[in-house]
K.L.:
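After the structure tokens below, expect a handful of questions from me.
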Amino acid sequence: MLGSLRRELARGLGEEIRRKFGVEHLPVVETPPRRSLGDLALPAPLHLARQLGRKPRDIAQELAAGWTLPDGVCELRVEGAGYLNVFLDRPRFAAALLTAEPFGPPREAPGGKAIVEHTNINPNKAAHIGHLRNAVLGDLLVRCLRALGRQVEVQNYIDDTGVQVADVVVGFCDLEPTSYADVKALPEPFDYYCWDLYARVGRWYEQDAARLELRRKTLHELERGQGERAEMGRLISHRIVARHLRTMARLGIGYDLLTHESHILALHFFSVANEQLVARGVLRLESEGKNAGCWVMPLEGTAEFAGLEDPDKVIVRSDGTITYVGKDIAYQLWKFGLLGKDFGYRYWMDQALWMTAVEGASDHPAFGGATDVVNVIDARQSYLQKIVRAGLAALGHDEAARRSIHFAYEMVSLSPATARLLGVESEDGKAQEMSGRKGIGVKADDLLDRLEEKARDEIAARNRDLEGPELADLARKIATAAVRFFMVKTSTTRVIAFDFEEALDFEGDSGPYLQYALVRARAIERKLAEAGRGGNLDATAIAGQRPELWSDDLWDLVHASASLADTVERAATTLELSLVARHALELAQRFNALYHHHPVLHEEDAELAAVRRAAFALFARALATLCDLLGIPEPARM
RNA sequence: GCGCCCGUAGCUCAGCUGGAUAGAGCGUGAGCCUCCGGAGCUCAAGGUCAGAGGUUCGAAUCCUCUCGGGCGCACCA
């Protein structure tokens, strides 16, 4: 809403500048630091001063004179060093906002399908809070893109043939021999059992390096897909994925397709990709040196990969197996519909979720074939993702390489206090990295359990009458809000040092704070309805109210609510998703700060009450929309 | 050695593609519930924006260097 006005102002002023000074300039539109200065600010005169060799204020005066302003602007002032500040017609703007769609029509042609890949947890142990950051960010991105009109396909990549699964297979087959039937019969939580077993296998290898031969043997069987160990691998992977999906479902996170690495192998995706890679001369068979017998991708000579110790990346190992990068190039080609080969598909268990298959159902939705691909993968894998991109480009798929985005975010480590809680000694005051291999980390379900328990206590203390399923449901909603907000409130470029005490805090910068503000705004509306003063807001009447009724603080709330679409769009384009969380927080803070100065139910002046009600309605709609994007559920009470 | 990320209040973090008086939360101190929900609000204290140069009318923001911290640079992913 505010966005279209910003664009109109920028375009209008640009024309004015061209007409009066004969210069091409694309004006930026800012928000002034104080409302008394205006609703929007155009610093163009400051930018033009040097080029035109004139004082900014003079330029501003000249531009202001005779400029026909866009509809809805009621005043233009020259402020400060030479800003052109715009004041909006408050009643009319609020009225227009009341009847507008939150996101309006898509600004640009939405383009084709976008594939977002996230979660991607190795199916060999329980999900931890690092995986949670990935899934929560990925899911937020998906929700933002969909809100902006994009068609999105969500994929969760299951590496069911990798070393990590192999290690747990070794655990069940060699370290603690357990029959297939017994593994199948192990009680839940199966992922917790594997978490410990995986760590034990790691220590077991350390005691005798010869045992690593078992890992190699297992890995080969997993890749071939045949034999006892492959069967065991499938069982483990299946049971763990079921647990991961359940964990994510607690947070409202879901997927369209589970892509299995085993199917990429079984359907020989890489062979097809490999033909192209060899034909194009992207891969080279090494006959000597440390990479003898391997197919490598030479990276030297490009600025992007300058300064590497070893300028060659192994794609096919000397034993004929394929590295992760090789598989990922093939997978990436498939995502863009460039491989010339497709998976089979079938339902995952009985849910409305699809998974890849070797031979699948005859009738299934079309997967893959996207125009844009976003891979949500932590920043430690940037180097590998760059190689995958370079592979696409080397095959001549420059467009696909350009549209292949690695959404890199920093990892989650443990605060010293939390590390100590887990029995890990941390060096003086330093954060401790998690390690699945060592079994060091906070499990996602443990965190959720603790959050729900705390939420239940907090709710029960405030609402004595609540119990049973209703209480459990509210607790789940509040726990979801807490963890999801925690994971997205900080910039993606920053390492999160996870701290239990901070994560369990429902006050201040937190998900429950947002929920509380929303619940309170809803309560006002409910009370009005109970008093027979509810019903639809009359936009025409609002538009005609005296502007003085819109005090600055109420107007600020509306102003902030109106930049929702802008913020979401900026977040989606820059992949700085914390903007969504921060905007929601800003709205909630503004509302909390002012609502008790602006009674609605007890206001005798009907016009003033109507204005306040409209402001709160606009706020509630904006915050509810943002919470929806953030995956923060709205509790009926709390 | 090379590459990426970070350094802003005691702690955790914002600071909108250079702009108006650097802001929140936690913590600390003092207040606010006969009045639409106190998971809230108000006020106070708290800053060499790591450091040094440079560009600019203007730098926390851009450039260079230095110092700290994190993470990468496998026939693991």
Side-chain angles (χ1 to χ4, degrees), chain A residues 28 30-34 37 41 43 46-47 49-50 55-56 79-83 120 122 159 162-164 166 215 219 290-291 293-296 304-310 313-319 321-325 327-328 377-384 386 408 410-411 413 415 430-431 433 437 455 458-459 461-462 478 489-491 493-497 499 501-502 505-510 512-513 515-517 519-521 523-528 531 563 566-567 570 574 576 578-579 582-583 585-586 589 592-603 616 637-638:
Chain A
V28 298
E30 298 171 349
T31 305
R34 291 182 304 285
L37 289 169
L46 294 155
H47 297 153
R50 198 162 132 80
K55 288 181 181 165
E79 291 278 0
Y83 289 93
N120 300 3
N122 273 302
D159 181 3
V163 175
Q164 296 215 20
R215 171 197 271 178
L219 197 52
K290 72 184 186 87
N291 292 334
C294 299
W295 287 89
V296 302
E304 205 179 7
F305 295 103
L308 286 177
E309 277 177 28
D310 181 358
K313 178 69 195 172
V314 172
I315 303 296
V316 183
R317 301 184 187 102
S318 53
D319 63 4
T321 57
I322 307 149
T323 62
Y324 161 78
V325 172
K327 285 177 271 199
D328 211 33
I377 304 173
D378 83 76
R380 286 174 296 188
Q381 296 195 40
S382 294
Y383 168 71
L384 291 175
K386 264 167 75 173
E410 283 291 343
M411 59 168 179
S413 63
S415 75
K430 285 184 184 171
E433 194 173 345
R437 230 172 60 76
E458 298 279 339
I459 302 163
R462 293 168 173 80
I478 287 162
K489 71 175 174 178
T490 43
S491 300
T493 52
R494 209 179 259 280
V495 175
I496 293 180
D499 188 81
E501 204 179 324
E502 191 192 345
D505 191 358
F506 294 166
E507 294 172 9
D509 289 351
S510 72
Y513 178 93
Q515 291 176 311
Y516 196 71
V519 166
R520 199 151 43 190
I524 295 172
E525 199 55 39
R526 193 178 58 239
K527 291 270 162 68
L528 279 169
S563 59
D566 280 355
T567 304
R570 198 152 57 88
T574 60
E576 187 42 89
S578 63
L579 289 171
R582 302 222 150 260
H583 190 232
L585 188 64
E586 187 202 327
Q589 281 173 338
N592 277 339
L594 65 74
Y595 85 98
H596 40 219
H597 302 305
H598 296 276
V600 181
L601 199 58
H602 305 289
E603 176 55 53
F616 293 171
R637 51 196 282 203
M638 59 192 287

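Lettering of chains follows the sequences in order, A, B, ..., and the numbering in each one begins at 1.
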K.L.:
Whole-Å distance between B:rA77 P and A:Ile315 CD1?
P.N.:
11 Å

K.L.:
Can you tell me, in whole Å, how much space there is between the P of B:rG46 and that of B:rC67?
P.N.:
34 Å

K.L.:
Tell me, please, which residues at least two apart from A:Arg462 pass salt bridge (charged side-chain N to carboxylate O under 4.0 Å, His left out).
P.N.:
A:Glu458

K.L.:
Think A:Tyr383 has a side-chain N or O under 4.0 angstrom from the OP1 or OP2 of B:rC5?
P.N.:
no

K.L.:
Can you tell if the side chain of A:Val163 reaches within under 4.5 Å of the side chain of A:Leu219, non-hydrogen atoms only?
P.N.:
yes

K.L.:
A:Ser318 near the nucleic acid: base, sugar-phosphate alone, or nothing, with a heavy-atom cut-off under 4.0 Å?
P.N.:
base

K.L.:
Please list, for nucleotides 13-16 of chain B, all pairs of protein and nucleotide N/O atoms separated by less than 3.5 Å.
P.N.:
unit_1 : atom_1 : unit_2   : atom_2 : d
B:rC13 : O3'    : A:Arg494 : NE     : 3.4
B:rC13 : O2'    : A:Arg582 : NH2    : 2.8
B:rA14 : OP1    : A:Ser491 : N      : 2.9
B:rA14 : OP1    : A:Ser491 : OG     : 2.4
B:rA14 : OP2    : A:Arg494 : NE     : 2.9
B:rA14 : OP2    : A:Arg494 : NH2    : 2.9
B:rC16 : O2'    : A:Arg570 : NE     : 3.4
B:rC16 : O2'    : A:Arg570 : NH1    : 2.8
B:rC16 : O2'    : A:Arg570 : NH2    : 3.1

K.L.:
To the side chain of A:Arg50, which of B:rU21, B:rC57, B:rC5 is closest?
P.N.:
B:rC57

K.L.:
Of all residues at least two apart in sequence or in a different chain, which pass the side-chain contact (heavy atoms from CB on, under 4.5 Å) check with A:Glu501?
P.N.:
A:Asp499

K.L.:
What pairs with A:Glu30 under salt bridge (charged side-chain N to carboxylate O under 4.0 Å, His left out), at least two apart in sequence or on another chain?
P.N.:
none

K.L.:
Checking A:Thr321 now: which residues fulfil side-chain hydrogen bond (donor to acceptor under 3.5 Å, both in side chains) with it, not counting sequence neighbours?
P.N.:
A:Arg317, A:Asp319

K.L.:
Measure the distance from CD1 on A:Ile478 to P on B:rG40 and round it to the nearest whole Å.
P.N.:
12 Å

K.L.:
Can you sort out the partners of A:Arg570 under side-chain hydrogen bond (donor to acceptor under 3.5 Å, both in side chains), two or more places apart, ordered by chain and number?
P.N.:
none

K.L.:
Need to verify one output field. Residue with the more 5' nearest nucleotide on RNA chain B, A:Thr323 or A:Arg380?
P.N.:
A:Arg380

K.L.:
Please list each protein N or O that sits under 3.5 Å from an N or O in nucleotides 24-28 of chain B, with the distance.
P.N.:
unit_1 : atom_1 : unit_2   : atom_2 : d
B:rA24 : O2'    : A:Gln589 : NE2    : 2.8
B:rG25 : O4'    : A:Asp509 : OD1    : 3.2
B:rG25 : O2'    : A:Asp509 : N      : 3.3

K.L.:
Going by the rule side-chain hydrogen bond (donor to acceptor under 3.5 Å, both in side chains), which residues pair with A:Tyr516 if we only count those two or more places apart in sequence or in a different chain?
P.N.:
none

K.L.:
Shortest non-hydrogen contact from A:Pro512 to A:Met638?
P.N.:
O-CE, 3.6 Å

K.L.:
With a 4.5 Å cut-off on side-chain heavy atoms, are A:Asp509 and A:Gln589 touching?
P.N.:
yes

K.L.:
Could you check which of B:rC5, B:rC75, B:rA77 has an atom nearest any side-chain atom of A:Glu410?
P.N.:
B:rC5

K.L.:
Enter syn or anti for the glycosidic conformation of B:rC33, syn applying to angles within 90° of 0.
P.N.:
syn

K.L.:
In whole angstrom, give me the gap between the C1' atoms of B:rG23 and B:rA60.
P.N.:
12 Å

K.L.:
Between B:rC65 and B:rU12, how far is it from one C1' atom to the other, in whole Å?
P.N.:
30 Å

K.L.:
Below 4.5 Å, heavy atoms only, C-beta onward: do A:Phe616 and A:Leu594 meet side chain to side chain?
P.N.:
yes

K.L.:
How far does the P atom of B:rU28 sit from the matching atom of B:rC73, given to the nearest Å?
P.N.:
43 Å

K.L.:
Would you find a donor on one side and an acceptor on the other, under 3.5 Å apart, between the side chain of A:Ser318 and the backbone of A:Cys294?
P.N.:
no

K.L.:
Convert the base pairs of RNA chain B into dot-bracket notation, remembering that pairs crossing earlier ones are written with [ ] and that bases paired across to another strand are shown as |; include only Watson-Crick or G-U pairs under 3.5 Å.
P.N.:
(((((((..((((.....[...)))).(((((.......))))).....(((((..]....))))))))))))....

K.L.:
Rounding to a whole Å, what distance do you find between A:Ile322:CD1 and B:rA74:C1'?
P.N.:
17 Å

K.L.:
Take atom P in B:rA22 and the same atom in B:rA44, then report the distance between them in whole Å.
P.N.:
15 Å

K.L.:
Considering residues at least two apart in sequence or located in another chain, which fulfil the side-chain hydrogen bond (donor to acceptor under 3.5 Å, both in side chains) criterion with A:Asp378?
P.N.:
A:Arg380

K.L.:
For A:Ala593, report the nucleic acid contact type (base, sugar-phosphate, nothing); a contact means any heavy atom under 4.0 Å.
P.N.:
sugar-phosphate

K.L.:
So A:Leu384, base contact, sugar-phosphate only, or nothing? Heavy-atom distance under 4.0 Å.
P.N.:
base

K.L.:
Do you know the tightest heavy-atom contact between A:Leu384 and A:Val325?
P.N.:
CD2-CG2, 3.5 Å

K.L.:
State which of B:rG69, B:rA39, B:rU12 makes the closest approach to the side chain of A:Lys430.
P.N.:
B:rG69

K.L.:
Between A:Ser578 and A:Glu576, what is the shortest heavy-atom contact and its length?
P.N.:
OG-OE2, 2.8 Å

K.L.:
For A:Asp505 versus A:Ser510, what's the shortest heavy-atom pair and its separation?
P.N.:
O-CB, 3.7 Å

K.L.:
Could you give the distance separating B:rA20 and B:rC4 at their P atoms, to the nearest angstrom?
P.N.:
30 Å

K.L.:
For atom P, what is the distance between B:rA50 and B:rG15, given to the nearest Å?
P.N.:
15 Å

K.L.:
What residues form a ring-ring contact (aromatic ring centres under 6.0 Å, His included) with A:Tyr513, not counting sequence neighbours?
P.N.:
none

K.L.:
Using atom C1' of each nucleotide, how far apart are B:rG37 and B:rA24 to the nearest Å?
P.N.:
23 Å

K.L.:
Calculate the interatomic distance between A:Lys290 atom NZ and B:rC73 atom P; express it in whole Å.
P.N.:
12 Å

K.L.:
Under 4.0 angstrom, heavy atoms only, what part of the nucleic acid is A:Glu433 near: base, sugar-phosphate, or nothing?
P.N.:
sugar-phosphate

K.L.:
Between the protein and nucleotides 35-37 of chain B, list the N/O to N/O atom pairs that are separated by less than 3.5 angstrom.
P.N.:
unit_1 : atom_1 : unit_2   : atom_2 : d
B:rC36 : O3'    : A:Lys527 : NZ     : 3.3
B:rC36 : O2     : A:Leu601 : N      : 3.1
B:rC36 : N3     : A:Val600 : N      : 3.1
B:rC36 : N4     : A:Tyr595 : O      : 2.6
B:rC36 : N4     : A:His598 : O      : 2.7
B:rC36 : N4     : A:Pro599 : N      : 3.4
B:rG37 : OP2    : A:Lys527 : NZ     : 3.1
B:rG37 : O2'    : A:Tyr516 : OH     : 3.1
B:rG37 : O2'    : A:Arg520 : NH1    : 3.2
B:rG37 : O6     : A:Met638 : N      : 3.4
B:rG37 : N1     : A:Met638 : O      : 2.7
B:rG37 : N2     : A:Met638 : O      : 2.6
B:rG37 : N3     : A:Tyr516 : OH     : 3.4

